[in-house]
Each structure stands twice: as C-alpha cells, then as structure tokens.
Amino acid sequence: MKPQFVTLEGVEGAGKSTQKAAICAWLSARGVSFVETREPGGTPLAESIRTLLLHTEADPPTALTELLLMFAARAQHLETRIQTALNAGHWVICDRFTDATFAYQGGGRGCSWSWIETLETLVQGSLRPDTTIVFDVPVDIGLSRAASRGHADRIEREDHAFFERVRRAYQRRADAEPQRFVMIDGSPPAEQVTATLLTTLAIRWRL
Ligand code: T5A
C-alpha cells in the first residue's frame with residue numbers, strides 16, 4: 001500500500017487528539033513509519049499563523065481573512081512537511097485538514113463552498129487525504145469536554161449554532177465521499193471509541 005495521508009476531524013472536543021495518540025501507537029506496533037502533525041500549524045511558520053488565527057483578540061480576522069490564513073498555513077505545511085513525508089514513504093497522520101475549512105469557514109462562517117474548492121485546488125492540486133476519520137459527537141458533549149480543558153480560544157468561543165453548522169457540514173462532506181470518510185461515534189468512553197476505531201481501520205488497511 002502506498003503511504004497513506006490520514007486526516008482526523010470533528011467538532012471541538014470530539015476526541016481527535018486522544019484518538020490520534022491511539023492510532024499512532026497502533027501503527028508503530030505494526031512497524032508503519034509515519035509523521036504526526038496538525039492544522040492549522042505543523043511547521044514553524046504555519047504555527048505562527050495558527051497563533052494569529054486562534055489568539056488575535058484586538059483585531060480579529062474577518063471570515064475571508066480567516067479562510068485565506070487557513071490556506072496560507074496549509075500551503076506552507078503541505079509543501080514543506082506533508083508532501084515531503086509522503087514522498088519519503090511515510091504515512092501522514094494529520095489532526096484536521098481541508099475538511100475543517102469546509103466545516104468551519106464554509107458551514108460555520110458561511111464562506112462560499114466554491115471559493116473553498118477553488119483554494120483547495122490552488123493549494124493542493126490533486127492531493128486529497130486517502131482516509132478522513134470524523135469523530136461525530138453532539139455539540140453539547142464536545143463543547144463541555146473542550147471547556148474542561150480551561151481557556152477557550154477565539155473559535156471555541158463561537159455559539160452553539162455555529163458548531164451545529166460545523167457538524168452538519170462534516171456530514172455533508174462525508175455523504176459526498178463515502179469511500180474516503182470513516183464516521184466514528186465519538187460519544188462513548190474513550191477506550192470504547194478506540195476499540196471501534198482500530199477494528200474499523202484494521203479492516204480498511206488490512207493491518
Ligand atoms: N480550524 C482548523 C478551522 O476553523 N479551519 C481549519 O481549516 C482548520 C484546520 C484548532 C481550531 O482551528 C479550527 C478548528 C478549531 O477550532 P484544533 O487544534 O484541532 O483546531 O482544536 P480543537 O478542535 O479545539 O481540538 P480539541 O483538542 O478541542 O479537540 P479534540 O482533539 O477533538 O479533543 P481531545 O482529544 O483533546 O479531547 C478533549 C477533552 O475530552 C476528553 C479528553 O481527555 C480531553 O480532556 N475526551 C473524552 N472524554 C470522554 N469521552 C471521550 N470519548 C473522550 N475523548 C476525549
């Protein structure tokens with residue numbers, strides 16, 4: 001199998017980071033070489049853009065600025081880290097990618113879906129994730145988990161309706177590409193989510 005580009009998605013507090021650690025441990029035990037990364041971020045410049053995006057309080061980005069900054073960070077991350085890793089034969093396990101842009105800037109903020117598609121093609125060419133895992137949880141559950149970690153960033157402070165639109169946009173993406181997407185119920189206890197996830201991935205990847 002060629003090196004897989006795997007992305008993890010979901011609303012705030014869906015359990016992506018928790019389950020990313022489980023996937024990485026599981027891949028390591030099977031001798032799969034991988035790079036673990038995240039968006040926005042993943043390189044020093046892209047991490048600086050992340051800070052601008054999540055922690056600018058005085059002059060917050062407009063919806064269009066936010067969209068362009070997400071893709072600016074992605075362009076840097078893709079060329080200098082993701083593509084390099086895939087070319088060298090490593091899998092890439094990435095916490096959020098362009099489906100988050102469709103969900104948050106498209107669904108949440110109401111940016112045009114076709115603008116996002118245009119930027120996706122400009123920045124990524126034909127590259128798309130091989131597998132996208134969405135951890136689906138009711139918004140209330142996700143937000144209460146995220147809140148338990150303390151200080152909320154600029155996007156986490158959006159209202160409930162925003163995250164309902166985000167959740168619906170993920171569902172729309174998954175419905176459009178059922179082969180790429182794996183939908184996992186993220187509501188049960190973490191160990192139970194891990195067990196379901198790894199069983200599903202073992203079948204999908206024959207590992
Ligand atoms: N963004 C990102 C965009 O708007 N557009 C884009 O294009 C991109 C790429 C940063 C923000 O950027 C936005 C979306 C985000 O607002 P992020 O760093 O992924 O993205 O931030 P968060 O989604 O906020 O990440 P979180 O860490 O909140 O969520 P996770 O990773 O889904 O959740 P996790 O695993 O850290 O768990 C949260 C808490 O819940 C517990 C954990 O122990 C932890 O305390 N937990 C569970 N508790 C009970 N049962 C379970 N099954 C649990 N799983 C985890």
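Index from 1, following the sequence. Atoms within each ligand, like the ligands themselves, are counted from 1 in listed order. The shown structure was predicted, so the numbers you read here are calculated from the model rather than taken from an experiment. Side chains included, hydrogens not; waters and symmetry mates left out as well; all remaining heavy atoms used.
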> Given Arg50, Lys16, Arg38, which has its nearest heavy atom closest to atom 18 (O) of ligand 1?
Replying inline: Arg50
> Out of Ile155, Thr18, Val137, Thr7, whose heavy atom is nearest to atom 55 (C) of ligand 1?
Replying inline: Thr18
Does ligand 1 have a heavy atom under 4.0 Å from the side chain of [X], from its backbone, from both, or from neither?
X      : value
Leu53  : neither
Gln19  : neither
Glu156 : side chain

>> Tell me every residue that passes salt bridge (Lys or Arg N to Asp or Glu O under 4.0 Å) with Glu117, counting only those two or more places apart in sequence or in another chain.
In response: none
>> For Ile184, run the side chain to side chain contact (heavy atoms under 4.5 Å, CB included) check against Val137, Thr200, Thr194, Asp136 and tell me which one passes.
In response: Thr200
Taking C-beta and beyond as the side chain, do [X] and [Y] meet within less than 4.5 Å on heavy atoms?
X      : Y      : value
Tyr104 : Glu12  : yes
Phe181 : Ile133 : no
Phe34  : Cys24  : yes

Can you tell me which residue and heavy atom of the protein come closest to [atom], and the distance to 0.1 Å?
atom                    : answer
atom 33 (O) of ligand 1 : Gly15 N, 3.3 Å
atom 6 (C) of ligand 1  : Met70 SD, 3.4 Å
atom 5 (N) of ligand 1  : Gln105 OE1, 2.8 Å
atom 52 (N) of ligand 1 : Pro188 O, 2.8 Å
atom 15 (C) of ligand 1 : Glu12 OE2, 3.4 Å
atom 17 (P) of ligand 1 : Arg96 NE, 3.5 Å
atom 28 (O) of ligand 1 : Arg149 NH1, 2.7 Å
atom 46 (N) of ligand 1 : Arg145 CD, 3.8 Å

> Does Leu86 have any side-chain contact (heavy atoms from CB on, under 4.5 Å) partners at least two apart in sequence or in another chain, and if so, which?
Replying inline: Pro3, Phe5, Ile82, Gln83, Val92, Leu127
Suppose I only count heavy atoms of [X] and a 4.0 Å limit; which atoms of ligand 1 are within that range?
X      : answer
Arg74  : 7 (O), 9 (C)
Asp95  : 19 (O)
Thr101 : 6 (C), 7 (O)
Gly186 : 52 (N)
Glu39  : 9 (C)
Pro189 : 52 (N)

> Going only through I, L, V, M, F, W and Y residues with side-chain contacts under 4.5 Å, is there a path from Leu68 to Ile155?
Replying inline: no
Close N or O approach ([X], ligand 1; < 3.5 Å):
X      : value
Ser187 : no
Val193 : no
Pro40  : no
Ala14  : yes

> Between Glu66 and Arg109, does at least one N-O distance fall below 4.0 Å, as a salt bridge requires?
Replying inline: yes
>> Assess the residue pair Arg74 and Glu79 against the criterion (salt bridge (charged side-chain N to carboxylate O under 4.0 Å, His left out)); give the C-alpha distance rounded to whole Å, side-chain angles, the decisive distance to 0.1 Å, and a yes or no.
In response: CA-CA 8 Å; Arg74 183 161 301 133; Glu79 189 168 336; over 6 Å; no
> Distance-only, no hydrogens or angles: does the Thr56 side chain make a donor-acceptor pair with backbone N or O of Asp59 under 3.5 Å?
Replying inline: no
> Under the 4.0 Å line, does any protein heavy atom show up next to atom 44 (C) of ligand 1?
Replying inline: no
> When you look at CZ of Arg30, are more than 12 heavy atoms from neighbouring residues, nucleotides or ligands closer to it than 6.0 Å?
Replying inline: yes
>> Using a 6.0 Å cut-off, check whether atom CD of Glu177 has over 12 heavy atoms from anything other than its own residue.
In response: yes
>> Going by side chain to side chain donor-acceptor pair (under 3.5 Å), Thr131 matches just one of Arg204, Gln179, Arg180. Which one?
In response: Arg204
>> So, taking the atom named CD in Gln19 and the one named CD1 in Ile93, what distance separates them when rounded to the nearest 0.5 Å?
In response: 13.0 Å
>> Please tell me whether Thr43 and His77 have a donor and an acceptor in their side chains that are separated by less than 3.5 angstrom.
In response: no
>> If we only consider heavy atoms of Gly10, is any one of them less than 4.0 Å away from an atom in ligand 1?
In response: no
